[in-house]
Amino acid sequence: MFFELLKELFGFRDIIDIITVALFIYGIIYFLAVTKGFQILRGLVFLGLFWFASEIIQLRTLSWIFEKLWTLGLFSIVVIFQPEIRRTLARIGEKTKVIKFSSVEERTIERIVRACRFMSDRQIGALIVIERNQDIEDIIEGCVYIDATVSVELLITVFYPMTPLHDGAVVIRGERIAFASCVLPLSKTTELPKKYGTRHRAALGISEESDAIAVVVSEETGEISLAVEGKLERSLDPEILKDRLSELLGLRHETT
Ligand SMILES: Nc1ncnc2c1ncn2[C@@H]1O[C@H](COP(=O)(O)OP(=O)(O)OP(=O)(O)O)[C@@H](O)[C@H]1O
């Protein structure tokens, strides 16, 4: 009876419409919840109430200003949320991608780990980004194009202090060192302990903005860390680093 009534009231198209709108609203609420959105929303509601009040008591100049600011406000929201929007769109694209952009072989992982061990023992600072499915070229800046096979010697040479390329990050794409000296976006997280500086913040930044992972060797302590999806896995020993890289780059099934 109830379903009969529903069928009369709504067509198939209406149901699809309602489900799509519900998913859309859920997406917006989820997006606001995981970003700084709720704080901004609170501010907007406050301004909206202020506007409403100014309309009611007919404060014309104030209402006029609010009217003009409305379009500017919409534009600012796009600017403020630009990183989140980019990340969300990239993730959607990523999920629909079938073929891997590049694949990293086991020998490349071994070379990266050996270079990290060497640099960690000698406290040579390093930042190595490994691309996964997503091309990160539009997120990084100032890179020097290298395009050379990954080798332990080359990685160490790039990060050797006082050499022209040692500042910034190396980007590994498949079997190649694609770039060196790259400037990465810095994470704004407040969860990173004070002892970590911009090198670790840059590693976190690229792992937040893309699906790439980043290995950091601290110049101050020799500590090896790995940034994955906005989280820093700290104090890894080289064997653990190798296991984690193999898992994350799809060479070994993740253990649950
Ligand atoms: N945005 C960035 N992108 C890439 N590399 C960066 C960026 N910012 C800083 N770096 C690198 O980090 C170095 C500075 O590291 P800093 O001492 O501030 O960080 P840290 O996290 O404390 O690392 P460490 O433990 O090695 O000292 C710079 O010389 C540069 O090589």
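Every number for a ligand or one of its atoms is a count from 1 in the order of the listing. Starting from 1, each residue takes its place in the sequence as its number.
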Legend entry - side chain to side chain donor-acceptor pair (under 3.5 Å) partner of Glu223, chosen from Ser120, Ser218, Ser235: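 So, applying the side chain to side chain donor-acceptor pair (under 3.5 Å) to Glu223 and each of Ser120, Ser218, Ser235, only Ser235 qualifies.
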Which residue owns the protein heavy atom closest to [atom], what's the atom, and how far is it?
| atom | answer |
| --- | --- |
| atom 31 (O) of ligand 1 | Asp167 OD1, 2.7 Å |
| atom 21 (O) of ligand 1 | His200 ND1, 2.6 Å |
| atom 17 (O) of ligand 1 | Glu220 OE2, 4.1 Å |
| atom 9 (C) of ligand 1 | Thr198 OG1, 3.2 Å |

Legend entry - Backbone of Ile136 reached by a side-chain donor or acceptor of Glu131 within 3.5 Å: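 Such a contact is found between Glu131 side chain and Ile136 backbone.
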Legend entry - Atom indices of ligand 1 within 4.0 angstrom of Glu219 heavy atoms, with elements: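 Result: 24 (P), 25 (O), 26 (O).
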Legend entry - Close-contact set for ligand 1 against Gly197 heavy atoms, below 4.0 Å: 19 (O), 20 (P), 21 (O), 22 (O)
Inset, instruction - Step through the shown structure and confirm whether more than 12 heavy atoms of other residues, nucleotides or ligands are within 6.0 Å of CD on Glu67. - result: yes
Legend entry - Gly125 to ligand 1, any heavy atom closer than 4.0 Å: no
Which bit of [X] is near ligand 1, meaning a heavy atom under 4.0 Å away: side chain, backbone, both or neither?
| X | result |
| --- | --- |
| Ser218 | both |
| Cys182 | backbone |
| Val216 | neither |
| Leu127 | side chain |

Legend entry - Heavy-atom nearest option to atom 1 (N) of ligand 1, drawn from Leu184, Leu192, Ile140, Val170: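 Answer by nearest heavy atom: Leu184.
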Legend entry - Any N/O pair Ala202/ligand 1 closer than 3.5 Å: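 No; the residue has no nitrogen or oxygen that sits under 3.5 Å from a nitrogen or oxygen of the ligand.
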Legend entry - Heteroatom distance test (Leu186, ligand 1): nitrogen or oxygen, under 3.5 angstrom: no
Inset, instruction - Find out whether the Lys NZ or Arg CZ of Arg114 is both under 6.0 angstrom from the six-membered ring centre of Phe118 and within 45° of the ring's axis. - result: no
Legend entry - Spacing of Lys231 atom NZ and Ser187 atom OG [to the nearest 0.5 Å]: 9.5 Å
Inset, instruction - Would you sort out whether Arg244 and Glu247 count as a salt bridge (Lys or Arg N to Asp or Glu O under 4.0 Å), showing the intermediate values? - result: CA-CA 5 Å; Arg244 283 299 284 140; Glu247 271 174 23; 2.5 Å; yes
